[in-house]
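Chain A is the first sequence line, chain B the second, and so forth, proteins listed ahead of strands; every chain is numbered from 1.
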Amino acid sequence: NAGVTQTPKFQVLKTGQSMTLQCAQDMNHEYMSWYRQDPGMGLRLIHYSVGAGITDQGEVPNGYNVSRSTTEDFPLRLLSAAPSQTSVYFCASSYFRVDTGELFFGEGSRLTVL
Amino acid sequence: DAKTTQPNSMESNEEEPVHLPCNHSTISGTDYIHWYRQLPSQGPEYVIHGLTSNVNNRMASLAIAEDRKSSTLILHRATLRDAAVYYCILRDVHNQGGKLIFGQGTELSVKP
């Protein structure tokens with residue numbers, strides 16, 4: 001049972017480069033989300049999705065794009081990386097029903113922008 | 001969105017009980033109370049959740065005040081492995097799959 005899989009685990013970018021962080025889950029979860037965590041800080045919600053074709057902004061969406069073409073995948077795109085986007089990124093998913101909706105997190109993707 | 005307030009840090013001795021408080025004075029009747037924890041260098045993991053009644057599982061217990069404006073996560077016998085940041089968050093059943101906002105959490109340290 002793979003759970004939530006994030007790739008890559010580590011990435012170094014130069015300012016202005018673009019890249020996509022991949023997130024896949026095999027639990028048929030409707031809800032998926034992306035968080036970033038800066039050193040010594042809590043998690044901040046970037047974008048989330050409640051199903052295929054539906055996405056919405058979180059607390060800190062600027063500089064990031066998402067799409068949800070399938071239930072399983074929820075990629076996060078950085079169009080023009082900036083040093084302020086250096087962070088650890090976590091993908092999380094859960095069932096739609098919040099009364100049973102335990103969030104499952106990936107292991108994280110550590111991004112450094114030079 | 002209803003907010004939660006937690007102490008920044010707490011200390012405990014190994015094998016003693018730990019009570020981690022969370023205030024949520026603006027909680028609505030449809031908000032579930034969820035707790036997660038994040039061990040060093042790992043992603044957060046689910047601990048427990050509840051609506052009105054106290055809840056127990058193999059990891060912890062959740063005590064919810066009668067007016068639901070506060071809750072307490074109880075670790076019955078702290079171990080060194082329980083040293084982590086503990087987050088209390090609210091999930092609204094009528095905003096299914098909506099924004100899940102994490103606060104700063106409580107950093108628990110456990111002394112041998």
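Residues B:Y46 and A:L103 have side chains not in contact (no heavy-atom distance under 4.5 Å, counting atoms from C-beta outward). A heavy-atom distance below 4.5 Å is found between the side chains of A:Q37 and B:Q38. Side-chain contact between A:R44 and B:I101 is absent, with no heavy-atom pair separated by less than 4.5 Å.
One distance of note links CZ of B:R91 with OG of A:S94; it measures 4.0 Å at 0.5 Å rounding.
Summarising the local packing, CG of B:D67 is surrounded by more than 12 heavy atoms from other residues, nucleotides or ligands at distances under 6.0 Å.
A:Y35 is not connected to A:L78 by any chain of hydrophobic side-chain contacts under 4.5 Å among Ile, Leu, Val, Met, Phe, Trp and Tyr, and they are in different clusters. Under a hydrophobic-cluster definition in which Ile, Leu, Val, Met, Phe, Trp and Tyr are linked whenever side-chain heavy atoms come within less than 4.5 Å, directly or via other members, A:M41 and B:L108 are assigned to different clusters. A continuous path of hydrophobic side-chain contacts links A:M32 to A:I46 [ILVMFWY only; heavy atoms under 4.5 Å]. Both B:I64 and B:Y86 are members of a single hydrophobic cluster when ILVMFWY side chains are connected at heavy-atom separations under 4.5 Å. The hydrophobic cluster containing A:V60 also contains A:M19, counting ILVMFWY residues as joined when their side-chain heavy atoms lie under 4.5 angstrom apart, directly or transitively.
Residue pairs meeting the salt bridge (charged side-chain N to carboxylate O under 4.0 Å, His left out) criterion with at least one partner in residues 9-22 of chain B, sequence neighbours excluded, are B:E11-B:K111, B:E15-B:R77.
Qualifying ring pair (Phe, Tyr, Trp, His ring centres under 6.0 Å) partners for A:Y89, counting only residues two or more places apart in sequence or in other chains: A:Y64. Residues satisfying the ring pair (Phe, Tyr, Trp, His ring centres under 6.0 Å) test with B:Y87, not counting sequence neighbours, are B:F102.
Of all residues spanning residues 104-114 of chain A, those with a heavy atom less than 4.5 Å away from chain B's heavy atoms are A:F105, A:G106, arranged by number.
When B:P44, B:G105, B:G103 are compared by the number of non-hydrogen pairs under 4.5 Å with chain A, B:P44 comes out ahead.
At a 4.5 Å heavy-atom cutoff, B:E107 makes no contact with chain A through either its backbone or its side chain.
Among all heavy-atom pairs drawn from A:G42 and B:Q104, the shortest one is N-OE1, 3.6 Å.
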